[in-house]
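So the structure is just underneath, and the comments pick up after that.
Every heavy atom of this structure was used, including side-chain atoms; hydrogens, water molecules and symmetry mates were not.
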Amino acid sequence: MWARTFRRVAPAFGRAATSASRNLTAQPSSFWATGAALGVATSVAATYGLKESCGASVQCEASPDVDWTAVRKEIVALLDTDYTDSSYLGATPGPLFLRLAWHSSGTFCEKTKTGGSTGASMRFNPELGWGANAGLARAQELLEPVKKKFPNVSYSDLWIFAACVGIEEMGGNKVEFKPGRADKTNSRFSSACPAWTGATHKDGRLPSADMGDPRKTAAHLRDIFNRMGFDDKEIVCLSGAHGLGACHTENSGFWGPWTRAPTTISNEYYRELTENTWTMKMTHNGKPWTGPLQFEDPTGDLMMLPSDIVLLQDKDFRHHVEFYAKHEHFFLKDFSAVVSKLFHLGCA
């Protein structure tokens, strides 16, 4: 309980500790948002409050022989074990488990009813080798002892459940979890992985951090998320997961955490976006930056991807960013709902 209480106050503590180095009024330049900052009237608050909604393609039937309370205890034990991250101190596997579940579910296509959280097809290539999934083999390895202890739990369910537990243990609201996903197997003649022939990304069905131009990046985000059945508000809400964990040069080429509380579910991601100053990263550890385009705050400790900055540059996305920056309660409520929707894509 003490640990969870500390995680809830950690964002405020981090802001106070670094207030001298932050510009709380400067705004990143915008390609489309012009004039004064977009205000969000109190009356629009009623439009927030997403509800759980599950995409359907496969009928999921839960095994009656699974003690989910016992599974949860094993996952919590994993979250409390010693864990190191190359980009920040005080790490836990929670953000990694969330990313595993997110990327497993984020392959869903509403039109064809393919992909989604059912199948755990990321165990196989080519999906395991997609650039967006770099580093997620580690998450699978961490959960493998739990799978062996509870063989009746599918990998599909375990990955999703681990993320749900992780979100709650990191201070988030409870995420609705419905078990019953079945694992896919590779056959001799075909892959279990979902195919994607769209033009939005060269490597799989998952979003890219940069399409080379802000307008193209915004369009890419909508192409990917609309394919799954998400609207602009849900895109911005799901992007709040970037408040957790960090990027790693050995995986994506990018470096650093988005916030100073990378193991806490909060609206800190939106506050950093709107209250901090973001410029292109030019150096790293005293040497020229040779990685892909990313942005950093004045301290160089925090980062944002081009796909994060575009949420400010696109006025329709920015509307929701500014709302969540001011209303953490609505973000926490909406995040648990939209994440549950994501986690149940492909599973009725």
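Although no hydrogens or angles enter the test, the distance criterion places no donor-acceptor pair under 3.5 Å between the side chain of Ser208 and the main chain of Met211. Side-chain atoms of Asn133 come within 3.5 Å of backbone atoms of Glu127 as a donor-acceptor pair (strictly under, hydrogens ignored). In this structure a side-chain-to-backbone donor-acceptor pair under 3.5 Å is present from Trp278 to Glu272. Panel note: side chain Asn267, backbone Arg271; no donor-acceptor pair is recorded below 3.5 Å. Formation of a donor-acceptor pair under 3.5 Å by the Asn226 side chain with backbone atoms of Phe230 is found in this model. Using a distance-only test at 3.5 Å, with no hydrogens or angles considered, no donor-acceptor pair links the side chain of Thr274 to the main chain of Glu322. At least one donor-acceptor pair under 3.5 Å links the side chain of Ser156 to the backbone N or O of Ala120. Under the 3.5 Å distance criterion, the side-chain polar atoms of Ser307 are left unmatched by any main-chain donor or acceptor of Asp210. Under a 3.5 Å cut-off, the side chain of Lys184 and the backbone N or O of Asn186 do not form any donor-acceptor pair. With Lys178 contributing its side chain and Cys347 its backbone, the two residues share no donor-acceptor pair below 3.5 Å.
Of all the heavy atoms in Leu98 and Phe343, the pair that sits closest is CD1-CZ, 3.7 Å. What you find for Ala218 and Val310 is that their closest heavy atoms are CB-CG2, 3.8 Å. Of all heavy-atom pairs between Ser105 and Met228, the closest is O-SD, 4.4 Å. Here the shortest heavy-atom pairing between Pro179 and Trp68 reads CB-CZ2, 3.5 Å. Between Ala101 and Ile160 the shortest heavy-atom distance is CB-CD1, 3.8 Å. Closest of all the heavy-atom pairs between Ser239 and Tyr270 is C-OH, 4.3 Å.
A distance below 6.0 Å separates the ring centres of Phe225 and Trp102.
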Test log, rule side chain to side chain contact (heavy atoms under 4.5 Å, CB included), inputs Gln313 and Thr217
CA-CA 11 Å; Gln313 296 168 331; Thr217 300; over 6 Å; no

I'd like to know whether Ser117 forms a side chain to side chain contact (heavy atoms under 4.5 Å, CB included) with Leu345, so could you lay out the CA-CA distance, the side-chain angles of the two residues, the decisive distance to 0.1 Å, and finally the verdict.
CA-CA 6 Å; Ser117 62; Leu345 293 177; 5.6 Å; no

Passes side chain to side chain contact (heavy atoms under 4.5 Å, CB included), Tyr269 versus Leu311? Steps please.
CA-CA 12 Å; Tyr269 168 76; Leu311 299 182; 3.5 Å; yes

List the steps and the verdict of side chain to side chain contact (heavy atoms under 4.5 Å, CB included) for Ser336 and Ile167.
CA-CA 8 Å; Ser336 64; Ile167 289 171; 6.0 Å; no

side-chain hydrogen bond (donor to acceptor under 3.5 Å, both in side chains) for Ser266 and Thr264? Distances and angles first, verdict last.
CA-CA 6 Å; Ser266 72; Thr264 303; over 6 Å; no

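The shortest distance between side-chain heavy atoms of Asp85 and His248 falls below 4.5 Å. Contact of the Leu305 side chain with the Cys247 side chain is registered, since non-hydrogen atoms from C-beta on lie closer than 4.5 Å. Side-chain contact between Pro207 and His220: present, with at least one pair of heavy atoms (C-beta onward) separated by less than 4.5 Å. Looking only at side-chain heavy atoms (C-beta outward), Arg222 and Asp232 come within less than 4.5 Å of each other. A 4.5 Å side-chain heavy-atom check between Arg260 and Glu268 finds every atom pair outside the cut-off. Residues Cys237 and Lys233 are not in side-chain contact: their nearest non-hydrogen atoms beyond the backbone lie 4.5 Å or more apart. For the pair Ser121 and Pro194, the minimum side-chain heavy-atom distance is below 4.5 Å. In this structure, Thr114 and Arg205 have side chains that are in contact, with non-hydrogen atoms separated by less than 4.5 Å.
The distance from the CZ atom of Arg72 to the CD atom of Glu74 is 13.0 Å, given to the nearest 0.5 Å. Atoms CE and CD1, from Met280 and Ile309 in turn, are 11.5 Å apart once rounded to the nearest 0.5 Å. Note: His284 NE2 to Met303 CE = 11.0 Å, rounded to the nearest 0.5 Å. Separating the CD atom in Gln294 from the OG1 atom in Thr279 is a distance of 10.5 Å, to the nearest 0.5 Å. Rounding to the nearest 0.5 angstrom, the gap separating the CG atom in Leu238 from the CG atom in Leu221 is 11.0 Å. With rounding to the nearest 0.5 Å, the separation of CE in Met122 from CH2 in Trp159 is 5.5 Å.
Residues Phe124 and Leu206 do not share a hydrophobic cluster, clusters being chains of Ile/Leu/Val/Met/Phe/Trp/Tyr side chains in contact below 4.5 Å. Both Phe295 and Leu273 sit in one connected hydrophobic cluster of ILVMFWY residues. Membership requires side-chain heavy atoms under 4.5 Å apart, directly or through other members. Both Val76 and Val71 sit in one connected hydrophobic cluster of ILVMFWY residues. Membership requires side-chain heavy atoms under 4.5 Å apart, directly or through other members. No single ILVMFWY cluster, assembled from side-chain heavy atoms under 4.5 Å apart, contains both Trp255 and Leu96. Hydrophobic clustering, with ILVMFWY side chains joined whenever heavy atoms are under 4.5 angstrom apart, groups Leu143 together with Tyr83.
The aromatic rings of Tyr324 and Phe331 stand perpendicular to each other, their planes meeting at an angle above 60°, with 30° marking the opposite boundary. Between Phe177 and Phe161, the two ring planes are tilted [angle within 30° to 60°].
In this structure, a donor-acceptor pair under 3.5 Å is absent between the side chains of Arg181 and Ser104.
Phe323 pairs in a ring pair (Phe, Tyr, Trp, His ring centres under 6.0 Å) with only one of the listed residues (His319, His327, His320), which is His327.
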